[in-house]
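Start at 1 and go down the list; that is how both ligands and their atoms are numbered.
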Amino acid sequence: MQVAVIGAGAAGCFCAAEIRRRLPSAGVTVFEAGPKALAKVAVTGGGRCNLTNSFKGVSRLEEAYPRGAAVVKNAFKALSPEQTFQWWENAGVALTVQPDGCVFPESQDAMQVVRTLERLMRVSGVELRCGQRVSRIRPGFLLDIEGSDEPFRADAVLLAAGGLKEDALRQLLPPQVSITPTVPSLFTLKVPDPELNALMGTVVPDARLELAGSGISAQGILLLTDWGVSGPATLKLSSYAARELALSAYKGELSINWLGSQGPSVHEWTLQASSRQGRRQLSGYRPDGLSDRLWEHILGRAGVDRTRRWAEIGKEERARIENALTRDLYPISGRARFKEEFVTCGGVSLDAINPRTLESRDFPGLFFSGEVLDIDAITGGFNLQAAWSTGYMAAIGIARKLSHIC
Ligand SMILES: Cc1cc2nc3c(=O)[nH]c(=O)nc-3n(C[C@H](O)[C@H](O)[C@H](O)COP(=O)(O)OP(=O)(O)OC[C@H]3O[C@@H](n4cnc5c(N)ncnc54)[C@H](O)[C@@H]3O)c2cc1C
């Protein structure tokens, strides 16, 4: 009995070790196109590996997983984030939870995660073949390996090849497997507004961003840069609106609510400013959380004279200030990278798989896990958590399937 795993990334390696633990009689061979296993894990989280999240700030799974939340929910029944935490600690990787919920190894070293998985694969007898790219999966299963005339025969196959582009997936898979078109997610936005760009380095603690006209919005910390906007709120918006932004070639309009959750009460705030702070200049009294420079920029956007006093301005000017505070519109001219970090939205369609086992509906014995599936998340350790949980779930399915055969 032979299992072939395509891709020695987070999902593939986790699954391979788990299959051998569950079914020691099965041979497990991992094919990796690159020279080394787990190359991406080594650079995750800026080399610190944000390997999961406490999920304390997540009220609905869809907030963290804009695509694939229902399947992730099933995968968490196989291996929940708490069990994942325990799994890594049992494997000797002590973990620490940051105040924002992100979980890292206490060592702050992604290589500890890499070495641990490599060791577990080695001791459980997984065969790792680096530098071997699988070029086609033929039903049956026969795998064509680039540069080899001899196909590899397997009883079960796990495709865990990460965020491949649509063309590469189509070449690899039988044509019956449906694929959702792929586009990038997790990027920053170019906003060509010289006055906004001059505020680079400004951090807004709680802003709400909306892709104007789409109804898609995201809230959180906003960072202004010399090319546009970055920070958690922007990355979230890029994830929620990954498809819409790709469709418009990353052009559009960004609506900024500089007050985030305080936004709805802005009308009361300006009224109260006029009545109780009337003697102060507009520039001298501002909403909490905004820097002086940003506040002056917003007053400029509202077209009011910042040296006037709050008591002097009327309803119409107050309305302009409220508008600039909560619906400040800027052009989006493109996307930019976030530290080289990105994930792929799209991939093997979730309609093509059994959501309880991650097995292909058309090709029993062919399983999928990780980013190759149409599952992706916002930043914060959620993507790796999906890789661990779907890898684990596929291992259960594969071990169960093969134990029936033998
Ligand atoms: C720079 C960066 C930093 C990140 N940081 C974080 C983080 O801190 N926390 C987090 O949760 N997420 C992070 N992510 C996202 C996360 O790394 C991925 O979602 C996760 O690694 C996906 O795991 P995977 O196993 O599905 O794919 P991958 O880890 O990408 O592994 C897939 C493997 O398959 C191999 N492969 C592809 N095609 C073939 C083929 N035909 N034959 C053989 N091998 C093949 C590839 O070479 C690769 O090694 C980061 C991503 C990047 C790019």
Taking the side chain as everything from C-beta on, heavy atoms only, tell me whether Tyr250 gets closer than 4.5 Å to Pro184. yes
Between Lys40 and ligand 1, is there a nitrogen or oxygen pair with a distance under 3.5 Å? yes
Looking only at distances, can you tell me whether any N or O atom of Ala33, backbone or side chain, sits closer than 3.5 Å to an N or O atom of ligand 1? yes
Under 3.5 Å between some N or O of ligand 1 and some N or O of Val134? yes
Verify the ring-centre separation between Trp388 and Trp88: is it less than 6.0 angstrom? yes
Less than 3.5 Å apart, any donor N or O on the side chain of Glu322 or Thr326 sitting next to an acceptor on the other? no
Using a strict threshold of under 4.0 Å (side-chain N to carboxylate O), is an ion pair present between Arg208 and Glu210? no
Short N/O distance, under 3.5 Å, between Ala10 and ligand 1? yes
What protein heavy atom sits nearest atom 4 (C) of ligand 1, and how far off is it? Glu341 CG, 3.3 Å
Exceeds 12 heavy-atom contacts within 6.0 angstrom, atom CZ of Arg153: no
Select one of side chain, backbone, both or neither to describe which atoms of Ala39 lie under 4.0 Å from any atom of ligand 1, heavy atoms only. neither
Determine the interplanar angle of the Trp269 and Trp295 rings, folded into 0 to 90°, and report it as parallel if under 30°, tilted if 30 to 60°, perpendicular if over 60°. perpendicular
Numbering the atoms of ligand 1 from 1, which are under 4.0 Å from a heavy atom of Val343? 15 (C), 19 (O)
Taking distance alone, with no angle check, do Glu371 and ligand 1 share an N/O pair under 3.5 Å? yes
Where does Glu32 meet ligand 1, judged by heavy-atom distances below 4.0 Å: at the side chain, the backbone, both, or neither? both
Ligand 1 to Thr44, heavy atom cutoff 4.0 Å, flagged ligand atoms 3 (C), 4 (C), 5 (N), 6 (C), 7 (C), 8 (O), 13 (C), 17 (O), 50 (C)
For Gly381, atoms of ligand 1 separated by under 4.0 Å from a heavy atom: 9 (N), 10 (C), 11 (O)
Ligand-residue contact atoms, ligand 1 with Gly370, heavy atoms, under 4.0 Å: 26 (O)
Classify the side-chain pair Glu150/Ser148 by whether it contains a donor and acceptor separated by less than 3.5 Å. no
Note: Arg48, heavy atoms under 4.0 Å from ligand 1, region reported as neither
Output yes when Glu118 and Arg122 qualify as a salt bridge under the 4.0 Å nitrogen-oxygen rule, no when they do not. no
Looking only at distances, can you tell me whether any N or O atom of Gly34, backbone or side chain, sits closer than 3.5 Å to an N or O atom of ligand 1? no
Please tell me if the side chains of Ile353 and Leu373 come closer than 4.5 Å, counting only heavy atoms from C-beta onward. yes
